[in-house]
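Below is one structure, written out as structure tokens; the observations come after it.
Everything numeric in this text was worked out from a predicted model, so none of it was measured. Here is the naming used below: chain letters follow the sequence lines, and residue numbers restart at 1 for every chain. Computed over heavy atoms, backbone and side chain alike; hydrogens, waters and symmetry mates excluded.
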Amino acid sequence: MKLSKLFTHTRKDAPADEVSKNAQLLIRAGFVNKELAGVYSYLPLGLRVLNNIARIVREEMDAIGGQELAMPALQIKERYEISGRWDDKVVDDWFKTKLVNGAELGLGFSHEENLSPMLKNFINSYKDLPLAPYQVTTKFRNELRSKSGLMRGREFLMKDMYSYSISQKQHDEFYETVQKAYETIYKRLGIGHETFLTFASGGSFSKYSHEFQTLSEAGEDTIYLDRRRKLAINKEVLNDAVIRDLGLRRSDLEELRAIEVGNIFSLGTKFSKPFELVINDQDGKETTLIMGCYGIGISRAMGTVAELLSDEKGLVWPESIAPAKVYLARLGTDAAVVKTADGLYKKLQAENIEVLYDDRDVRAGEKFADADLLGIPYRVVISEKTLKDTTYELKKRTEDKTQNLAEPELIKMLAA
RNA sequence: CGGGGAUUAGCGCAGCCUGGUAGCGCGCCGCGUUCGGGACGCGGAGGUCGUGGGUUCGAAUCCCGCAUCCCCGACCA
């Protein structure tokens with residue numbers, strides 16, 4: 001993509017109504033635009049990051065047997081009356097609306113009531129199990145107080161997977177598989193080193209649920225972390241009995257703020273029993289299916305990476321999710337420089353290396369500042385100076401040093 | 001939902017106390033000089049001052065209501 005054609009622009013100042021680092025940087029860089037509190041538009045570069053995160057999550061869900069589908073935002077009232085979740089006293093963050101004929105609808109905040117009745121038409125045998133449909137869709141939650149940029153939205157992108165098993169054993173095995181897949185996802189997103197499995201409230205069907213908490217002062221949760229064991233307990237369930245139960249010691253626990261970047265929990269038969277998801281097991285015995293639910297906020301993950309991996313100059317995307325791999329800066333309008341830069345742009349594209357080509361006629365300082373703010377992993381500079389030397393100058397976003405390279409070495413390095 | 005703060009040009013702000021129909025910086029447009037870390041000079045465009053009402057000869061400014069945004073708290077299958 002040529003920067004001269006990109007409709008978004010960077011800004012020196014962040015808007016006054018955004019305090020959180022993630023929102024300030026993402027808005028300054030032109031990745032998102034705020035529409036209302038907790039609701040953002042994703043602009044071309046921001047959408048690339050969001051899609052890259054979703055792609056990684058999809059790959060890992062597919063790898064453990066997840067099957068992607070897409071369910072609607074509009075939800076039927078009657079289904080939620082069956083499960084007991086229509087009442088605002090039970091779920092207080094519903095967005096509700098009506099059909100022209102007056103029938104009430106809700107905007108989906110979670111999709112158990114959608115999926116379970118649907119699967120009654122498809123699951124015929126225990127041999128179909130375990131089954132784990134998932135989706136990446138926009139969720140709506142009427143938060144009393146949205147805050148912290150992308151961290152807590154009223155409309156946000158989420159991956160939600162639901163598992164159906166014939167036995168507790170089968171459920172437990174799948175649950176553990178998902179837990180491992182989540183760890184892989186956070187590693188790939190570049191926040192694995194700061195993300196910890198955290199024991200949280202399990203509700204009525206299991207002792208604990210599990211959250212994945214990323215250490216950050218911008219987080220809303222307080223956790224107690226045993227760094228050596230890489231295990232944490234959410235403050236909401238912390239007590240001596242729980243600490244003992246998990247084989248931890250209070251003196252090893254460190255109190256920290258963290259962002260909940262994912263959670264997985266057992267649902268038991270809460271959403272299978274009301275919808276009569278009953279199947280004969282191997283022995284011919286009627287069994288109500290056991291469910292699990294597994295969420296990752298895709299947009300929140302983007303905010304978390306922005307929050308964690310940025311520095312005083314701007315965003316610092318890991319290669320795995322960056323909007324482009326290379327920022328190609330052409331300095332000056334010298335004919336040889338322009339020709340060389342245009343040529344490299346085409347060659348990088350031919351190698352399938354994603355490149356942002358800064359072909360604007362602006363001064364060097366502005367290009368460097370933008371390359372840093374946008375957080376592109378590699379910066380390549382072409383100028384009259386570099387043409388006299390080995391032609392190209394390469395710099396990593398995370399390092400200060402530069403190196404000069406000739407074209408074959410440069411392409412080889414960037415293609416790696 | 002309780003408490004606090006804010007709303008004036010695309011962005012950041014001043015003006016309000018002491019009413020007389022708006023100003024600065026950045027950005028944007030034009031010309032020129034510059035050209036490796038957000039240059040400089042000259043000229044220019046751009047605002048029903050969040051919204052509804054009230055007071056007044058006259059309201060960005062004073063009074064009342066509402067909306068939106070931010071922060072703290074509460075809430076968060």
Ignoring hydrogens and angles, are the base of [N] and the side chain of [X] linked by a donor-acceptor pair under 3.5 Å?
{"X": "A/Asp13", "N": "B/rG27", "result": "no"}
{"X": "A/Arg28", "N": "B/rG10", "result": "no"}
{"X": "A/Asp160", "N": "B/rA77", "result": "no"}
{"X": "A/Glu366", "N": "B/rG37", "result": "no"}

Pick base, sugar-phosphate or nothing for [X], based on heavy-atom distances below 4.0 Å to the nucleic acid.
{"X": "A/Ala14", "answer": "sugar-phosphate"}
{"X": "A/Ser201", "answer": "nothing"}
{"X": "A/Glu18", "answer": "nothing"}
{"X": "A/Asp92", "answer": "sugar-phosphate"}
{"X": "A/Ala37", "answer": "sugar-phosphate"}
{"X": "A/Phe265", "answer": "base"}
{"X": "A/Thr333", "answer": "nothing"}
{"X": "A/Asp361", "answer": "nothing"}
{"X": "A/Arg330", "answer": "nothing"}
{"X": "A/Leu36", "answer": "sugar-phosphate"}
{"X": "A/Val19", "answer": "sugar-phosphate"}
{"X": "A/Val381", "answer": "base"}

Considering only the [atom1] atoms, how many Å lie between [N] and [M], rounded to the nearest integer?
{"N": "B/rA60", "M": "B/rG47", "atom1": "C1'", "answer": "11 Å"}
{"N": "B/rC71", "M": "B/rA59", "atom1": "P", "answer": "36 Å"}
{"N": "B/rA14", "M": "B/rC26", "atom1": "C1'", "answer": "15 Å"}
{"N": "B/rG50", "M": "B/rU7", "atom1": "P", "answer": "8 Å"}
{"N": "B/rC11", "M": "B/rC69", "atom1": "P", "answer": "16 Å"}
{"N": "B/rG3", "M": "B/rU21", "atom1": "P", "answer": "39 Å"}
{"N": "B/rG27", "M": "B/rG46", "atom1": "C1'", "answer": "12 Å"}
{"N": "B/rU51", "M": "B/rC42", "atom1": "P", "answer": "35 Å"}

d([atom1], [X]; [atom2], [N]) in whole Å:
{"X": "A/Asp93", "N": "B/rC75", "atom1": "CG", "atom2": "P", "answer": "14 Å"}
{"X": "A/Glu35", "N": "B/rC70", "atom1": "CD", "atom2": "P", "answer": "13 Å"}
{"X": "A/Leu150", "N": "B/rC70", "atom1": "CG", "atom2": "P", "answer": "12 Å"}
{"X": "A/Glu217", "N": "B/rC72", "atom1": "CD", "atom2": "C1'", "answer": "16 Å"}
{"X": "A/Arg360", "N": "B/rG38", "atom1": "CZ", "atom2": "C1'", "answer": "10 Å"}
{"X": "A/Leu328", "N": "B/rG36", "atom1": "CG", "atom2": "C1'", "answer": "15 Å"}
{"X": "A/Lys34", "N": "B/rG10", "atom1": "NZ", "atom2": "C1'", "answer": "17 Å"}
{"X": "A/Glu384", "N": "B/rU34", "atom1": "CD", "atom2": "C1'", "answer": "14 Å"}

Assigned partner base of [N], Watson-Crick or wobble definition, under 3.5 Å:
{"N": "B/rA59", "answer": "none"}
{"N": "B/rG32", "answer": "B/rC40"}
{"N": "B/rA22", "answer": "none"}
{"N": "B/rC1", "answer": "B/rG73"}
{"N": "B/rC66", "answer": "B/rG50"}

Side-chain N or O of [X] versus OP1/OP2 of [N]: is the shortest distance under 4.0 Å?
{"X": "A/Lys367", "N": "B/rC35", "result": "no"}
{"X": "A/Lys12", "N": "B/rG12", "result": "no"}
{"X": "A/Arg145", "N": "B/rC69", "result": "no"}
{"X": "A/Arg363", "N": "B/rG38", "result": "no"}

When the nearest nucleotide of RNA chain B is assigned to A/Phe271 and to A/Glu393 on a heavy-atom basis, which residue is associated with the more 5' position? A/Glu393
Closest nucleotide of RNA chain B for A/Glu220 versus for A/Arg379: which of these residues is on the 5' side? A/Arg379
[X] with [Y]: basic N within carboxylate O range, under 4.0 Å:
{"X": "A/Lys339", "Y": "A/Asp334", "result": "no"}
{"X": "A/Glu173", "Y": "A/Lys169", "result": "yes"}
{"X": "A/Glu183", "Y": "A/Lys187", "result": "no"}
{"X": "A/Lys270", "Y": "A/Glu112", "result": "no"}

If you check every side-chain atom of [X], which of [options] has the closest atom?
{"X": "A/Arg85", "options": "B/rG37, B/rA77, B/rC1", "result": "B/rA77"}
{"X": "A/Lys313", "options": "B/rC69, B/rG37, B/rC11", "result": "B/rG37"}
{"X": "A/Asp17", "options": "B/rA77, B/rC69, B/rC75", "result": "B/rC69"}

Give a yes or no on whether A/Lys346 atom NZ has more than 12 heavy-atom contacts from other residues, nucleotides or ligands under 6.0 Å away. no
Any chance NZ of A/Lys77 has more than 12 other-residue heavy atoms, nucleotides or ligands included, within less than 6.0 Å? yes
Strictly distance-based, threshold 3.5 Å: is any side-chain N or O of A/Thr269 a donor or acceptor partner for the main-chain N or O of A/Ser272?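 Between the backbone of A/Ser272 and the side chain of A/Thr269 there is no qualifying donor-acceptor contact (under 3.5 Å).
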A/Tyr186 side chain to A/Val261 backbone, donor-acceptor under 3.5 Å: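 At least one qualifying donor-acceptor pair exists.
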Considering all heavy atoms, the nearest A/Leu119-A/Leu277 contact: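 Reported closest heavy-atom pair: C-CD2, 4.1 Å.
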